[in-house]
A.B. asks: 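Here it is: the structure, laid out below.
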Amino acid sequence: MTAVEADKSKPKLVTIVVNGRQKQVPKEELFFDEVVALAFDPVPTGDNVDITITYRRGQGNKPEGQLKPGESVKVKDGMIFDVTATDRS
């Protein structure tokens, strides 16, 4: 494998913003759980915890929206995610 081939096999990193903090991720798609893990350490748990994810500056066909559990979204450089955990008690 040449250096050019090795470089092509590495995923390109893009910078996204999660809750106001810059994060570098491979340029592909992110699932709901992955975005939550980027937002919180540790991830809030419990029967009454409800997590909401909104995003903006996304890909052309869906530049903004809400990400629900089990869903994924294609990421691009400069994309912004707002992740909120609320306790429904």
A.B. asks: Would the distance check show the side chain of D50 and the main-chain N or O of T86 forming a donor-acceptor pair, the cut-off being under 3.5 Å?
C.D. replies: no
A.B. asks: Just so I know, are the side chains of V83 and T52 near enough to count as touching, which here means a heavy-atom distance under 4.5 Å?
C.D. replies: no
A.B. asks: Tell me which one of V49, V36, D33 satisfies side-chain contact (heavy atoms from CB on, under 4.5 Å) with V43.
C.D. replies: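 It is V36; the other options fail the test.
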A.B. asks: If you apply the rule side-chain contact (heavy atoms from CB on, under 4.5 Å), what do you find for F81 with L38, and how did you get there?
C.D. replies: CA-CA 10 Å; F81 292 88; L38 289 169; over 6 Å; no
A.B. asks: Could you state the interatomic distance from OG1 (T84) to CD1 (I53), rounded to the nearest 0.5 Å?
C.D. replies: 9.0 Å
A.B. asks: What closest approach, in Å, do V75 and Q59 show between heavy atoms, and which atom pair accounts for it?
C.D. replies: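 Heavy atoms only, the tightest pair is O-NE2, 3.2 Å.
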A.B. asks: Does the distance from a Lys or Arg side-chain N to an Asp or Glu carboxylate O, for R56 and D82, drop under 4.0 Å?
C.D. replies: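 D82 and R56: salt-bridged.
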A.B. asks: Do F40 and V73 share a hydrophobic cluster (ILVMFWY, side-chain heavy atoms under 4.5 Å, transitive)?
C.D. replies: yes
A.B. asks: CD of E29 to CD of E34: how many Å apart, nearest 0.5 Å?
C.D. replies: 8.5 Å
A.B. asks: Taking side chain as C-beta onward, heavy atoms only, is L13 less than 4.5 Å from V25?
C.D. replies: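 A side-chain contact under 4.5 Å is absent here.
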A.B. asks: What distance do R57 atom CZ and D77 atom CG have between them, rounded to the nearest 0.5 Å?
C.D. replies: 11.0 Å
A.B. asks: Heavy atoms, side chains only, cut-off 4.5 Å: are F31 and L67 in contact?
C.D. replies: no
A.B. asks: Can you confirm whether the side chains of Q24 and T15 place a donor and an acceptor under 3.5 Å from each other?
C.D. replies: yes
A.B. asks: Please check if atom CD in E64 has more than 12 non-hydrogen atoms from other residues, nucleotides or ligands closer than 6.0 Å.
C.D. replies: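 No, because the 6.0 Å sphere around CD of E64 holds 12 heavy atoms or fewer from other groups.
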A.B. asks: Using atom types as modelled and distance alone, determine if a side-chain donor or acceptor of Q66 lies under 3.5 Å from a backbone N or O of Y55.
C.D. replies: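 Not confirmed, Q66 side chain does not pair with Y55 backbone.
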A.B. asks: State the CD1-NZ distance between I51 and K68, to the nearest 0.5 angstrom.
C.D. replies: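 It is 14.0 Å, given to the nearest 0.5 Å.
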A.B. asks: Is I80 close to I16 at the side-chain level, that is, under 4.5 Å between some pair of heavy atoms?
C.D. replies: no
